> 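Following this message is one structure expressed as structure tokens.
Proteins get letters first, then strands, A, B, ... in listed order; numbering begins at 1 in each. As the structure is a computational prediction, the values presented were derived from the model and not from experiment.
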There are 2 protein chains.
Amino acid sequence: MAYRKTPAEISRLEAARDHLVVRATEVVAEVGWAQASVTAVADAAGIAAGSVYQHFPSKAALAVEVFRRAAGREVEVLGEVLHGPGDPVGRLARGTEVFARRALENRGLAYALLAAPAEPAVGAERLDFRRRYRALFAAVVREGIAAGALPPQNAEITAAALTGAIGEVLVDPLAAPDENATEALLADLTGTALRCAGAPPAT
Amino acid sequence: MAYRKTPAEISRLEAARDHLVVRATEVVAEVGWAQASVTAVADAAGIAAGSVYQHFPSKAALAVEVFRRAAGREVEVLGEVLHGPGDPVGRLARGTEVFARRALENRGLAYALLAAPAEPAVGAERLDFRRRYRALFAAVVREGIAAGALPPQNAEITAAALTGAIGEVLVDPLAAPDENATEALLADLTGTALRCAGAPPAT
DNA sequence: GGAAAGTCTGAATGATGGTTCACTTCTTTC
DNA sequence: GAAAGAAGTGAACCATCATTCAGACTTTCC
């Protein structure tokens with residue numbers, strides 16, 4: 001044996017992989033999936049196109065990793081708010097607001113995650129993550145029903161509706177942002193989300 | 001001059017174009033946009049690939065026409081229900097139901113129109129049609145507010161939420177239909193839609 | 001230092017699929 | 001029926017990328 005990966009070398013490779021994913025995410029956020037060619041991504045990461053294949057078996061695998069990391073962060077944040085302290089209705093409102101605010105603060109990425117045309121592998125991943133959003137919302141809705149704060153309803157359907165509603169409401173603002181209207185938009189959106197779940201109007 | 005298009009010839013050409021669009025729509029409904037290659041579509045229409053270009057300058061133009069026709073029908077039907085007779089809340093419920101029912105009856109096409117990955121030109125068209133759905137819903141919501149049947153709210157936001165909610169709720173059933181659960185699904189969906197707009201729960 | 005085992009490079013390769021075009025077939029008009 | 005003008009054909013063309021690979025360069029370890 002004349003070569004074994006030293007710890008330093010291993011972490012160097014991991015860092016390189018990481019850097020590639022980070023830069024690829026930036027490229028996707030800027031130009032969308034369709035324009036994020038292997039060459040463009042490799043250039044952004046400062047490596048040759050062929051080197052991408054040292055870290056990922058295919059472009060699709062890299063794209064999936066980019067999606068998973070970015071979407072995973074959002075699921076995590078949303079989950080923390082929805083499972084956090086407070087009454088279910090308040091958490092639902094806060095979760096909606098936090099989700100929307102984060103999307104508006106990182107529009108390119110949010111659009112890529114939510115709506116931008118993507119290759120099939122990413123599309124499948126998107127479906128999976130939407131299911132996770134739904135599961136998070138459904139849990140809170142069920143809590144709300146159990147606590148008597150929300151009327152009886154099919155929590156799964158409501159959760160799907162919330163996911164779709166929030167996404168659709170954000171599409172236009174993500175494309176053509178109006179900084180001044182952000183707070184009003186968030187207020188209207190959370191209000192609509194609460195109505196959607198059947199929360200009684202705020203006094 | 002030795003040749004001028006006779007009326008019969010003109011209508012034959014129009015019919016051929018029409019036939020191409022119809023068959024292309026079927027192909028898209030069956031296999032999705034990505035798999036609907038020019039060759040596949042031409043084969044389905046019984047013509048050569050090159051002949052497609054007698055009717056459309058590009059594949060994208062054909063795809064847009066397919067989308068417009070199919071989506072246009074849905075907008076028309078929805079518009080008739082939403083602008084039809086009855087109180088605004090009832091029309092909203094009925095519109096939601098009709099839209100969902102039609103989608104479930106023609107799942108492949110509905111999926112292609114609502115969610116399936118598509119080339120940019122079709123994506124742009126999709127955004128446009130979503131805007132039309134929103135406008136239709138927004139008008140009814142405004143009517144409901146004016147009539148005192150719905151609470152004050154930003155009708156545009158609610159309309160976007162309705163569009164997104166209905167679409168998202170349908171995605172799973174479109175992919176994995178459960179014939180037995182259709183009526184329950186429709187009831188839950190219309191219920192959620194009404195809550196979304198703030199209609200008081202049915203007694 | 002040097003051999004072994006990697007890593008990195010970037011031009012060549014290959015697959016895909018839209019588009020073109022020389023040619024054939026059909027319609028019109030006289 | 002024959003010339004002129006279209007429409008229809010489908011194999012060839014071409015552009016676009018993802019992917020590969022032979023060679024250059026690095027790191028490890030004796």
> Check the distance between C:dG17's P and B:Asp43's CG and give it to me in whole angstrom.
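Result: 14 Å.
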
> Please confirm whether B:Arg134 makes a cation-pi placement over B:Phe137, using NZ or CZ under 6.0 Å from the six-membered ring centre and within 45° of the ring normal.
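So B:Arg134 doesn't make the cation-pi contact.
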
> Would you kindly give the CG-to-P distance between A:Leu20 and C:dT9, to the nearest whole Å?
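About 11 Å, once rounded to whole Å.
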
> How long is the line joining CD of B:Gln35 and C1' of C:dT16, in whole Å?
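Going from CD in B:Gln35 over to C1' in C:dT16 covers 12 Å.
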
> So if I take every side-chain heavy atom of B:Val38 and compare against D:dT9, C:dG18, C:dT9, which nucleotide ends up nearest?
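Among D:dT9, C:dG18, C:dT9, the one nearest the side chain of B:Val38 is C:dG18.
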
> Determine whether a donor-acceptor pair (N or O, by modelled atom type, separation under 3.5 Å) exists between the side chain of A:Trp33 and the backbone of A:Ala112.
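Flag set: sc A:Trp33 to bb A:Ala112 pair under 3.5 Å.
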
> Quick test of your reading of the model: are A:Glu26 and A:Arg23 salt-bridged, counting only N-O distances below 4.0 Å?
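Salt bridge flag = yes for A:Arg23 with A:Glu26.
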
> If I take atom CZ in residue B:Arg17 and atom C1' in nucleotide D:dA7, what distance separates them, rounded to the nearest angstrom?
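One finds 16 Å between C1' of D:dA7 and CZ of B:Arg17, rounded.
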
> Between D:dA7 atom C1' and B:Gln54 atom CD, what is the distance in whole Å?
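Atom-to-atom, B:Gln54 to D:dA7, this comes out as 5 Å.
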
> Is A:Arg107 salt-bridged to A:Glu179, cutoff N-O under 4.0 Å?
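Yes.
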
> Pick base, sugar-phosphate or nothing for A:Ser51, based on heavy-atom distances below 4.0 Å to the nucleic acid.
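Base, at least one base heavy atom under 4.0 Å.
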
> Among D:dG8, C:dG18, C:dT9, find the nucleotide with the atom closest to the side chain of B:Leu13.
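Of D:dG8, C:dG18, C:dT9, D:dG8 is nearest to the side chain of B:Leu13.
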
> In whole angstrom, what separates A:Leu62's CG from D:dA18's P?
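Roughly 11 Å, once rounded to whole Å.
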
> With respect to the side chain of A:His55, which nucleotide from C:dT19, D:dC17, C:dC8 is positioned closest?
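Looking only at side-chain atoms, A:His55 lies closest to C:dC8.
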
> Roughly how many Å is it from CD1 in A:Ile47 to C1' in C:dT7, rounded to a whole number?
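Value for this atom pair: 11 Å.
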
> Considering heavy-atom distances to DNA chain C, does A:Arg12 or B:Lys59 have its closest nucleotide positioned more toward the 5' end?
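It is A:Arg12 whose nearest nucleotide is closer to the 5' end.
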
> Between D:dA6 atom P and B:Glu14 atom CD, what is the distance in whole Å?
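Roughly 18 Å, once rounded to whole Å.
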
